[in-house]
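Start at 1 with the first residue, then count along the sequence.
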Amino acid sequence: PAPTFPGGLSARQVEVLRLLAGGATNREIAEMLYISVPTVERHIANIYGRIDARGRAEATAYALRHGLL
């Protein structure tokens, strides 16, 4: 069975969130995951919507609170 993540996040979204919380820029995330910067931006927008975050700091705090780091 596939793992379930808080907030209904997908495995890819958790991967992006972990990198974001670790301080990586959108460009760095794109390079690490072999995806485009617009795709990273779309993932981040979707993450913010799912976890009700308004920025990187809130998303990082969410990741910490939910043991995603």
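When all heavy atoms of Ala59 and Leu17 are compared, the pair lying nearest together is O-CD1, 3.6 Å.
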In a table with atom names and distances, give each donor-acceptor pair under 3.5 Å that connects a side chain of residues 42-53 to protein atoms at least two apart or in another chain.
residue : atom : partner : partner atom : Å
Asn46   : ND2  : Arg42   : O            : 3.3
Tyr48   : OH   : Arg56   : N            : 3.1
Arg50   : NH1  : Gly8    : O            : 2.1

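Rounding to the nearest 0.5 Å places CD of Glu31 at 7.0 Å from CD of Glu28. Rounding to the nearest 0.5 angstrom, the gap separating the CG atom in Asn26 from the CG atom in Leu19 is 11.0 Å.
Between Val14 and Arg18, some side-chain heavy-atom pair lies under the 4.5 Å cut-off. Between Leu20 and Ile29, some side-chain heavy-atom pair lies under the 4.5 Å cut-off.
No side-chain donor-acceptor contact under 3.5 Å links Gln13 to the backbone of Leu9.
Counting only residues at least two apart or on different chains, no side-chain hydrogen bond (donor to acceptor under 3.5 Å, both in side chains) pair has a member in residues 59-69.
By the salt bridge (charged side-chain N to carboxylate O under 4.0 Å, His left out) test, Arg27 pairs with no residue at all, sequence neighbours left out.
Both Met32 and Val40 are assigned to one and the same hydrophobic cluster, defined by single-linkage of ILVMFWY side chains at heavy-atom distances under 4.5 Å.
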